Amino acid sequence: MRKIDYHMHTWFSGDSEADPREHVKQAIALGLDEICFTDHRDFDYPIDSFELDIEKYYQMIMFLKEEFKDHIIIKWGIEIGLDMNYQKEINELINRYPFDFVIGSIHVINHTEFYYGDFFKGLVKEDAHRYFFEETLRCVKNFDCFNVLGHLDYIMRYGPYENKKVDYNKYQDIIDEIFKTLITKEKGIEINTSGYAVNGNCGFPNYQQIKRYYDLGGKIITIGTDSHTSDRVGQYINDVVEHLKKIGFKDVSTFTKRSCDLNER
Ligand code: HSO
Ligand code: ZN
Ligand code: ZN
Ligand code: ZN
């Protein structure tokens with residue numbers, strides 16, 4: 001199974017200062033086969049700005065791709081905030097540029113977000129989590145512009161609750177429908193290793209949910225660290241690879257111009 005980091009942020013993202021060249025060097029030092037930059041673009045993020053200078057970002061990644069071509073495969077992607085209030089803008093942006101790979105993530109729901117916490121105001125945990133998964137399903141059904149759904153259950157990173165963990169059996173029907181919709185649409189999920197900092201022994205989502213996705217017929221899967229600093233590039237990827245093999249996956253998925261690469265192995 002190839003080792004990839006398909007979720008990395010740099011100084012082109014509103015919340016990172018990281019030098020993309022340092023990400024590449026770290027990935028090579030760790031022996032990764034392939035990486036993809038996925039800087040943020042959200043159209044309606046409250047408080048912070050997640051605008052993106054796409055032209056400059058493209059030039060920089062193309063330069064690095066050429067510079068390091070004998071050492072590692074580099075792809076150009078984006079993490080787009082899926083937001084039902086901005087469908088037209090999101091589709092237009094994705095169709096305008098030759099991204100290799102698109103992560104669709106839910107960061108904002110109806111002008112409220114999770115990081116500062118407006119979303120959770122007045123909601124008990126169960127209602128907040130249900131609302132999050134229902135909105136994720138709505139986005140997965142309505143958007144076609146993405147390749148994988150970002151950090152499926154990272155809502156548990158946030159919220160004013162003493163125990164932030166997702167109680168899966170309460171929402172498994174919604175999560176199953178998310179998985180089935182993705183599978184029918186030939187889209188996938190990622191394992192986001194930023195989850196290890198919260199869960200200790202797994203990413204977002206956990207391995208039971210990954211197995212559930214696999215058992216329902218899910219094949220398309222990427223691994224990403226969600227690095228906002230270079231020291232996190234490649235983190236936990238070896239552990240994820242071992243788990244994926246045990247579940248039954250033969251390989252991870254990689255993408256070129258938003259199409260899944262065919263792996264002749
Ligand atoms: N970086 C987080 C959210 C965030 N950080 C907002 C700063 N402001 C989503 O990847
Ligand atoms: Zn971020
Ligand atoms: Zn994200
Ligand atoms: Zn991210």
Side-chain angles (χ1 to χ4, degrees), residues 4-20 22-23 26-27 35-54 57 61 75-84 86 90 93-94 99-109 112-120 129 132-133 135-136 139-140 143 145-159 164 166 178 182 187-199 203-205 209 221-237 240 255:
I4 62 169
D5 190 340
Y6 251 53
H7 192 149
M8 307 189 305
H9 298 280
T10 74
W11 56 37
F12 291 103
S13 289
D15 60 352
S16 171
E17 307 274 289
D19 179 344
E22 295 303 313
H23 279 11
Q26 173 72 354
I35 55 175
C36 184
F37 289 93
T38 56
D39 274 307
H40 280 295
R41 178 68 169 107
D42 268 87
F43 278 93
D44 188 29
Y45 204 96
I47 305 171
D48 297 325
S49 163
F50 285 101
E51 291 198 26
L52 179 59
D53 187 338
I54 298 186
Y57 174 39
I61 303 313
K75 298 288 179 64
W76 184 57
I78 188 168
E79 180 180 17
I80 185 82
L82 300 180
D83 184 334
M84 290 300 291
Y86 290 83
I90 290 167
L93 182 143
I94 298 302
F99 296 110
D100 288 314
F101 174 64
V102 178
I103 302 175
S105 297
I106 285 80
H107 296 135
V108 174
I109 300 178
T112 67
E113 56 74 65
F114 323 122
Y115 182 79
Y116 296 104
D118 221 20
F119 171 77
F120 300 100
H129 285 188
F132 174 76
F133 287 120
E135 188 64 19
T136 300
C139 285
V140 159
F143 283 97
C145 64
F146 65 99
N147 296 113
V148 303
L149 174 67
H151 42 59
L152 168 77
D153 54 8
Y154 96 130
I155 191 72
M156 71 171 95
R157 192 194 277 167
Y158 306 112
K164 299 184 199 294
V166 168
I178 293 171
L182 288 168
K187 305 198 181 300
I189 56 169
E190 67 163 0
I191 299 189
N192 186 306
T193 72
S194 74
Y196 277 76
V198 177
N199 297 321
F204 299 130
Q209 293 302 317
I221 193 146
T222 59
I223 310 172
T225 57
D226 214 345
S227 293
H228 290 66
T229 54
S230 299
D231 57 312
R232 283 210 55 248
V233 169
Q235 201 179 25
Y236 302 114
I237 284 174
V240 175
F255 294 82

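Residue indices begin at 1 and follow the sequence shown. Predicted model only: the values in this text are computed from it and were never measured. Counting starts at 1 for both ligands and their atoms, following the listed order.
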Contact check: H228 to the Zn ion (ligand 2), N/O/S below 2.8 Å: yes
Decide, counting backbone as well as side-chain atoms, whether D15 has an N, O or S atom less than 2.8 Å from the Zn ion (ligand 2). yes
By atom name, which N, O or S atom of H40 is the nearest to the Zn ion (ligand 2)? NE2
I'd like to know if the side chain of S194 and the backbone of T225 have a donor-acceptor N/O pair within less than 3.5 Å. no
Does Y86 reach the main-chain N or O of D44 with its side chain, forming a donor-acceptor pair under 3.5 Å? no
How close do F255 and K75 get, heavy atom to heavy atom, and via which atoms? O-NZ, 2.7 Å
Where the Zn ion (ligand 4) is the centre, what is the NE2-to-OE1 angle for H7 and E79, rounded to 10°? 90°
With the Zn ion (ligand 3) at the centre, find the angle made by NE2 from H151 and NE2 from H107, to 10°. 110°
So among F99, F101, F12, F37, which one has a ring-ring contact (aromatic ring centres under 6.0 Å, His included) with W76? F99
Looking only at N, O or S atoms, find the one in D226 nearest to the Zn ion (ligand 4) and name it. OD1
Is it the case that more than 12 heavy atoms not belonging to E22 sit under 6.0 Å from its CD atom? yes
